[in-house]
4 protein chains.
Amino acid sequence: MARQARAQIDELRPTRDVILDAAERLFAERGYAGVSMRDITAETGLKNQASLYHHFRNKRALYQAVLARGVSQITTLMPEPARSMEIDNNIDRLLDYLGQHPHLARLIQRAALDDSRYLGSTVRKVLNPIYAQGRQALSGADAVWERDEIPHLAAGLYHLIFSYFANAELLAVFIDDPLGPAAVERQRRFLKAAVALLLGVQASAPARQAERV
Amino acid sequence: MARQARAQIDELRPTRDVILDAAERLFAERGYAGVSMRDITAETGLKNQASLYHHFRNKRALYQAVLARGVSQITTLMPEPARSMEIDNNIDRLLDYLGQHPHLARLIQRAALDDSRYLGSTVRKVLNPIYAQGRQALSGADAVWERDEIPHLAAGLYHLIFSYFANAELLAVFIDDPLGPAAVERQRRFLKAAVALLLGVQASAPARQAERV
Amino acid sequence: MARQARAQIDELRPTRDVILDAAERLFAERGYAGVSMRDITAETGLKNQASLYHHFRNKRALYQAVLARGVSQITTLMPEPARSMEIDNNIDRLLDYLGQHPHLARLIQRAALDDSRYLGSTVRKVLNPIYAQGRQALSGADAVWERDEIPHLAAGLYHLIFSYFANAELLAVFIDDPLGPAAVERQRRFLKAAVALLLGVQASAPARQAERV
Amino acid sequence: MARQARAQIDELRPTRDVILDAAERLFAERGYAGVSMRDITAETGLKNQASLYHHFRNKRALYQAVLARGVSQITTLMPEPARSMEIDNNIDRLLDYLGQHPHLARLIQRAALDDSRYLGSTVRKVLNPIYAQGRQALSGADAVWERDEIPHLAAGLYHLIFSYFANAELLAVFIDDPLGPAAVERQRRFLKAAVALLLGVQASAPARQAERV
DNA sequence: GATGAATGAGGATTCATTCAT
DNA sequence: AATGAATGAATCCTCATTCAT
């Protein structure tokens with residue numbers, strides 16, 4: 001993942017946003033407990049941790065703000081009902097975005113793991129929209145799946161999409177440069193085909209056969 | 001998820017294993033940085049943190065031991081090449097195990113996220129077998145997929161299987177009691193069907209149609 | 001103790017006085033070190049600590065202003081030489097005032113404790129008048145006491161009067177509602193009798209005997 | 001007040017006691033909020049604040065331990081019922097002790113001020129014995145006082161005795177070296193006479209008259 | 001093999017204060 | 001006159017680790 005330039009305070013961006021950016025990167029990389037307010041301060045370019053507290057009541061509040069922003073960015077990418085015609089569009093949009101912001105996938109996957117038992121259900125509140133939207137989008141998939149399987153399908157698709165980016169670093173073991181354009185393109189191809197198969201959209205299969213020839 | 005009894009030192013198990021058990025639970029729940037040696041000491045029933053150092057050189061070493069043990073438990077569950085006949089067996093074995101040790105899925109997903117940049121490639125070393133085995137198992141799936149898509153497929157299947165358990169708590173939002181027997185059974189049904197679709201195993205589809213009637 | 005309404009900035013009182021009021025209450029309750037500028041800001045109704053510095057150079061200066069004002073209120077209550085006739089008047093005036101401003105007694109007792117070693121002799125300077133006035137008032141008590149005992153007597157009377165109010169909360173253990181009218185009246189009776197005994201004013205004793213009948 | 005030598009860790013005293021001693025001195029001098037764990041560490045001779053937490057759960061717990069110890073030292077000095085014959089003994093014992101440990105008087109007076117509203121009623125619990133014992137000791141004083149005045153008398157005597165030492169530094173303004181032997185002796189004389197007057201013990205008055213001649 | 005004690009470094013958070021607006 | 005923002009230093013407390021017993 002390309003190391004983004006350290007956010008500079010002297011830019012014209014509001015300090016609050018600079019903090020959010022820095023915190024987002026760090027929380028995504030090391031998780032809530034793995035990041036100290038000192039780390040965030042340094043990454044921000046601010047000179048003193050006290051400044052953070054001027055903008056966020058405490059570490060938890062900062063984390064939640066980061067999460068809320070990150071999640072809202074994601075949810076706006078998947079607003080449309082998944083009519084077969086538009087599914088590919090949704091996937092395209094998601095992949096485009098996650099390909100460029102892979103740390104967001106990490107951030108969210110971490111949040112999902114930390115939920116409830118550890119960080120309290122505030123995380124759940126903020127992650128709900130993502131799952132919920134996916135589930136709703138699949139409400140018409142009962143050609144292939146039984147009604148009570150739909151939620152499992154929704155979860156599955158969600159994981160299929162996000163985990164690739166969240167675990168990209170690790171996948172480098174057998175996928176060359178997983179976040180590079182070639183690999184992302186391959187993942188896009190794979191994903192579209194996989195979704196088509198899972199949703200029983202016949203049109204795709206022949207298309208793929210054609211492609212292969 | 002059934003709350004396992006806190007590991008007691010006074011049991012007959014070797015202290016080293018008691019520590020590993022306690023640490024595994026905690027690391028799975030809160031991640032490496034979210035767990036302190038004191039936490040582990042308490043969960044273990046030992047009275048002093050110094051005791052831990054008698055069995056493990058330091059926190060990192062303990063973590064790696066936990067990880068290695070957890071991963072080896074998983075890898076022994078997926079040893080067989082995925083000939084169509086045996087895929088269902090592999091899935092069954094995995095689901096049976098993960099359904100009873102869902103924190104293992106969390107532990108491993110956390111380790112994947114923490115890799116490289118944060119915890120050093122030791123994690124990678126220990127997680128490699130899981131991905132690798134999956135990839136090899138799919139070496140025959142080129143009826144549906146191009147060769148360069150196979151690794152993406154392997155990763156996808158892996159995520160499909162593990163993420164359900166890793167994120168079970170969160171899924172409770174729209175899946176009732178995700179770790180209860182009913183939900184796990186549904187997930188099993190879904191997974192087998194999904195895998196069949198993805199691997200192009202026609203046999204399954206009719207079977208499902210039959211089931212539905 | 002009647003909970004005074006929180007000082008509001010939007011009143012017509014000069015901000016400086018509003019700050020002094022708020023600070024007085026807080027310093028009395030928690031002592032110099034136990035109160036932060038932020039606390040005072042909040043109690044005042046101001047929105048930013050910086051505002052305080054517009055009216056007082058720093059925390060110390062604010063504290064001293066509070067103290068000076070509080071002490072001057074007290075000293076004006078005890079100006080008259082303690083001729084036997086007027087002692088009761090002095091006590092009455094003091095008790096009336098302290099009964100309604102018990103936190104002043106606390107403020108001053110705290111200041112006395114914090115003196116010199118901790119907060120510098122500024123406190124001493126401001127508290128001197130109180131002791132001094134008392135001592136002078138007793139210059140005629142040499143019917144009962146030797147000359148070198150007079151200062152001890154002065155200190156004793158002073159403590160007798162102030163400590164009741166300063167420690168009122170604690171006295172609630174065996175005095176019912178120590179700041180309520182009934183208890184204050186009893187304290188008044190007790191004090192007058194005690195002072196009469198200590199100053200050797202015979203007149204009072206019979207008076208008390210009469211009262212008791 | 002004679003500056004006691006800084007407690008040294010390398011003495012044979014248990015560390016816990018060394019900490020209590022250091023904390024007692026500091027809390028007495030500057031109050032709960034005015035003392036930092038760092039201060040206490042330094043005064044103790046320990047090299048690191050973390051060591052304090054090995055012996056006391058937190059600052060509050062340390063403070064309460066200090067208080068409990070200090071109060072118990074005081075209460076063992078005033079155990080006997082105040083029969084006229086023995087009052088002087090009680091006073092003597094108290095004065096002897098407080099004369100040598102004047103900071104104990106400060107510590108307790110501070111605790112009384114900080115009670116309830118600020119530090120929680122734990123302080124009250126620990127201070128209760130002092131007041132209570134005094135009150136009980138006076139149960140026979142109804143020759144001079146009405147029954148409902150006895151508690152006020154008890155409080156008064158208590159304040160009379162303790163405040164002298166608590167405020168000794170300040171009294172230096174008009175009492176020369178208030179903690180020196182001469183002044184303490186004068187205070188003893190004064191106190192005994194005052195108590196005799198307040199308790200209506202006639203024997204003392206003539207004795208004093210004789211003394212004066 | 002287990003524990004009590006100690007410690008340097010670092011954790012989050014608050015302190016009093018200043019400056020520009 | 002009031003405020004938002006920033007900051008150095010300090011707050012309490014916990015971290016992982018070591019050593020002697």
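All figures in this text were calculated on a predicted structure; none of them were measured in a lab. Here is the naming used below: chain letters follow the sequence lines, and residue numbers restart at 1 for every chain.
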- request: Mind calculating the distance between CD (Q49(B)) and P (dA6(E)) to the nearest angstrom?
  value: 15 Å

field: Residue mapping more 5' on DNA chain E - nearest nucleotide basis, R57(A) or L52(B)
entry: L52(B)

Atom-pair distance (CZ on F56(B); C1' on dT18(F)), nearest Å: 18 Å

statement: Of all heavy-atom pairs linking A166(B) and A105(B), the shortest is N-CB, 3.8 Å

- prompt: In Å and rounded to the nearest 0.5 Å, what is the CD1 to CG distance from I40(D) to L52(D)?
  reply: 6.5 Å

- prompt: Considering only side-chain heavy atoms of H54(A), which listed nucleotide, dA6(F), dC15(F), dA1(F), is closest?
  reply: dA6(F)

- request: Determine the contact category for S51(C): base if any of its heavy atoms lies under 4.0 Å from a base atom, sugar-phosphate if only primed atoms, P, OP1 or OP2 are that close, otherwise nothing.
  value: base

message: A side-chain contact here means heavy atoms from C-beta on lying under 4.5 Å apart; do Y32(C) and R60(C) qualify?
response: yes

- prompt: What is the nucleic acid contact for R38(C), judged by heavy atoms within less than 4.0 Å: base, sugar-phosphate only, or nothing?
  reply: sugar-phosphate

- prompt: To the nearest angstrom, how far is R60(A) atom CZ from dA12(E) atom P?
  reply: 14 Å

field: 5' precedence on DNA chain E between N48(B) and N48(C) (nearest-nucleotide basis)
entry: N48(B)

Nearest-neighbour nucleotide for the S36(D) side chain, dT7(E), dA12(E), dT11(F) considered: dT11(F)

- request: Quick one: do R25(A) and D21(A) satisfy side-chain contact (heavy atoms from CB on, under 4.5 Å)? Show the steps, please.
  value: CA-CA 6 Å; R25(A) 256 172 281 145; D21(A) 291 347; 3.8 Å; yes

message: Please check this pair: side chain of R38(A) against backbone of Q49(A), looking for a donor-acceptor N/O pair closer than 3.5 Å.
response: no

field: Side chain of T15(D) - closest among dA2(E), dT7(E), dA6(E)
entry: dA6(E)

- request: Would you mind reading off the distance between L62(C) atom CG and dC15(E) atom P, rounded to a whole angstrom?
  value: 15 Å

message: If I take atom NE2 in residue H55(C) and atom P in nucleotide dT17(E), what distance separates them, rounded to the nearest angstrom?
response: 16 Å

query: So, do R30(A) and D39(A) sit near enough that their side-chain heavy atoms are less than 4.5 Å apart?
result: yes

- line: By nearest-heavy-atom nucleotide on DNA chain F, the more 5' of K59(D) and N58(B) is K59(D)

field: Secondary-structure stems, DNA chain F, at least 3 Watson-Crick or G-U base pairs under 3.5 Å
entry: E:2-21 with F:2-21

Nearest-neighbour nucleotide for the Y53(D) side chain, dT3(E), dC15(E), dC13(F) considered: dC13(F)

message: Whole angstroms only, please: what is the CE-C1' distance between M37(A) and dC13(F)?
response: 16 Å

task: Mind calculating the distance between NZ (K47(C)) and P (dT3(F)) to the nearest angstrom?
output: 6 Å

message: Is there a side-chain contact between M37(D) and F56(D) in this structure, where contact means two heavy atoms from C-beta onward sitting under 4.5 Å apart?
response: no

